Amino acid sequence: MDIEKIIQQLKDKNPQEQEFIQAATEVLEHIAPVLEKKPEYREQKIVERMLEPERVISFRVSWQDDNGEVQVNRGYRVQMNSALGPYKGGLRFSPSVKQGELKFLAFEQTLKNALTGLPLGAGKGGSDFDPKGKSDAEVMRFCQAFMAELYRHIGSRLDVPAGDMGVGAREIGYLFGAYKKLQNSYEGAITGKGVGWGGSQMRTEATGYGLIYFAQQMLKKADSNIEGKTCLVSGAGNVAQYCIEKLIQLGAKVLTVSDSSGFIYDKEGIDEEKLAYIKELKNKKRGRIKEYAEKFDAEYTEVDKEAKENPIWNIKADLAFPCATQNEVQEKDAENLKNNGIILIAEGANMPLTAEATEIVEKSDILYAPGKASNAGGVAVSGIEMMQNYLGSYWTAEEVDQRLKSIICSIHDRCLKAAEEWGFPKNYAAGANISGFIQVADAMLAQGIV
Ligand code: NDP
Ligand code: 2IT
């Protein structure tokens, strides 16, 4: 089969884009039997076309910091695939942002958005701007300068960005304000807006809650449930916070939370009061997670980012929810999780497992949910926000939560069905890749060579 050839071409064409190659290779390995059975995909070069973004926009963002010094950042929008609907996906502000990182995220988004069953194409964007340590005024000026270019490339029927790492409620507010001013029109060209000014109920909660709804479905299939389970959660941002919140509501015991400096191990478990403290610390004070250990009686461990393992994944527990960033679970971490008898790993972050870690997990008995399936709740409620904006009305939190649950259940079932059908029984990663791929591929075939 020519999968090897496609992977080689991908490497030759994108030599600097390691994460993009990693994400694409994982998908290609799973869709090999599909390509074998459907020669029209090969004839029409569907895979090659899907791996080439429809458009990549890169631009200068100049702004002035509080000292009057001029700063220059790079902004991007990768418009990956519009076969199913307008480009849709988040914006990431982080010093790590480069074209390859955004292409990996936009490629994952293509299959994820297909899985939601909503009319959403895929994109991703952002900047190497680091919001850490910046004043609110600096963040606002940066967002305005960023939007001064981006606004001409987005629109409610064209491309609809949202938040991702480093882009939360504050940034979305400034970005939307700038967009509205430049466009001279109040349009739903961004999701994740505040409730009361165009945003949907439950968007803030959606990714974390959706992740746990997905894990619930997996456990149900295995005649188990969340109640009483001990859990490892990484990250302390939007996804981690609402993952922890839902776990507490369902009677689980959450032992850990982390940020880019280190992690907390709280043997007593994180309760509602401690979670409220984490939200205040991370969303308002913008402090470090270490402060949790000083406030409550818990252990704090600094993490060496260059190390080959992270001790957070060597704590004995039943369920693991990596919700921080890509490649945060390495080979040795996967070994540790397996040896400690973890039952389930469900990804809140995008591609948190390295290729080596994924291989270990896929070969084990661990129930494993890939991010493109288990974290799709966020973009699903973004899609629901778009619907409300088109209609010019709002739905209640109960209605949105109900829709979210039903989308997550349908993704869960789709993954299992495709996995079974294509010879990967119970493999959610294969099922997600195959099911998402076929939907986008068929739309591309129908729309001709464009
Ligand atoms: P946030 O910016 O809100 O939070 C990110 C968290 O991860 C922060 O606590 C950050 O720490 C921590 N972190 C970042 N880098 C590292 C690292 N190298 N090691 C350990 N911790 C780290 O982002 P989100 O919660 O929105 O996003 C988290 C993940 O979920 C990303 O992979 C994102 O793509 C994915 N995702 C997000 C969705 C959303 O709706 N927001 C939807 C689907 C997926 P610090 O505080 O030090 O920066
Ligand atoms: O990775 C993701 O799915 C997101 N960051 C959310 C995208 C969105 O458009 O809500």
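Just so you know, ligand 1 is whichever comes first in the structure, and atom 1 is the first atom listed for that ligand. Sequence positions, counted from 1, serve as the residue numbers for this chain. These numbers were taken from a predicted model, which means no experiment stands behind them.
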Min N/O separation T325 to ligand 1 under 3.5 Å = no
Which distance, rounded to the nearest 0.5 Å, do you find between the CG of L111 and the NZ of K372?
-> 6.0 Å
Here the atoms of ligand 1 under 4.0 Å from any heavy atom belonging to G237 are 1 (P), 3 (O), 4 (O), 6 (C), 9 (O), 25 (O)
Under 4.0 Å from one or more heavy atoms of K282, ligand 1 contributes atoms 46 (O)
Distance in Å, I360 CD1 paired with Y368 OH, rounded so as to fall on 0.5 Å steps | 12.0 Å
Test item: L84 and N113 side chains (from C-beta on) under 4.5 Å apart, heavy atoms | no
For the rings on Y186 and F176, is their centre-to-centre separation under 6.0 Å?
-> yes
Do N350 and ligand 1 have an N or O pair less than 3.5 Å apart?
-> yes
Ligand 1 versus Q241, non-hydrogen atoms closer than 4.0 Å: side chain, backbone, both, neither?
-> neither
Nitrogen or oxygen atoms of N375 and ligand 1 under 3.5 Å apart | no
Per atom 30 (O) of ligand 1, closest listed option by heavy atom (A349, A380, A240, S382) = A349
Looking only at heavy atoms, the pair that brings G436 and A114 closest together is O-CB, 3.8 Å
Ligand 1 to V239 polar contact by distance, N or O atoms, under 3.5 Å | yes
Do you know which two heavy atoms are closest between A320 and L337, and how far apart they sit?
-> CB-CD2, 4.2 Å
State whether the shortest distance between N or O atoms of A236 and N or O atoms of ligand 1 falls below 3.5 angstrom.
-> yes
Ligand 1 versus A206, non-hydrogen atoms closer than 4.0 Å: side chain, backbone, both, neither?
-> neither
Establish, yes or no, whether a centroid distance under 6.0 Å links the rings of F129 and F146.
-> no
Please work out whether any backbone atom (N, CA, C, O) or any side-chain heavy atom from C-beta onward of E328 is under 4.0 Å from ligand 1, and answer side chain, backbone, both or neither.
-> neither
CD of E108 to CG of N350: how many Å apart, nearest 0.5 Å?
-> 6.0 Å
Is there a heavy atom in M351 that sits closer than 4.0 Å to ligand 1?
-> no
Taking atom OG of S374 and atom OH of Y428, what is their separation to the nearest 0.5 Å?
-> 10.5 Å
Sub-3.5 Å N/O-N/O distance, N238 and ligand 1 | yes
More than 12 foreign heavy atoms under 6.0 Å from CD of Q249: is that the case here?
-> yes
Test side-chain contact (heavy atoms from CB on, under 4.5 Å) applied to T230 and D318, I315, I342, the passing residue | D318
Please list, chain by chain and in numerical order, all residues satisfying salt bridge (charged side-chain N to carboxylate O under 4.0 Å, His left out) with K316, sequence neighbours excluded.
-> none
Test of proximity, K305 against ligand 1: N or O pairs below 3.5 Å | no
Return yes or no for this condition: an N or O of R288 is under 3.5 Å from an N or O of ligand 1.
-> yes
For residues D66 and S135, is any side-chain donor paired with an opposing acceptor at under 3.5 Å?
-> yes
Numbered in order shown, the ligand 1 atoms found under 4.0 Å of a heavy atom of R92 are 31 (C), 32 (O), 33 (C), 34 (O)
Per the under 4.0 Å non-hydrogen criterion, ligand 2 touches K88, G89, G90, Q109, K112, K124, A162, G163, D164, R203, N350, G378, V379, S382
Scan side-chain atoms only and decide if N314 and K332 contain a donor-acceptor pair under the 3.5 Å cut-off.
-> no
N or O pair under 3.5 Å between G166 and ligand 1 = yes
Between K132 and ligand 1, is there a nitrogen or oxygen pair with a distance under 3.5 Å?
-> yes
Looking at E171, E385, E187, which one forms a salt bridge (Lys or Arg N to Asp or Glu O under 4.0 Å) with K193?
-> E385
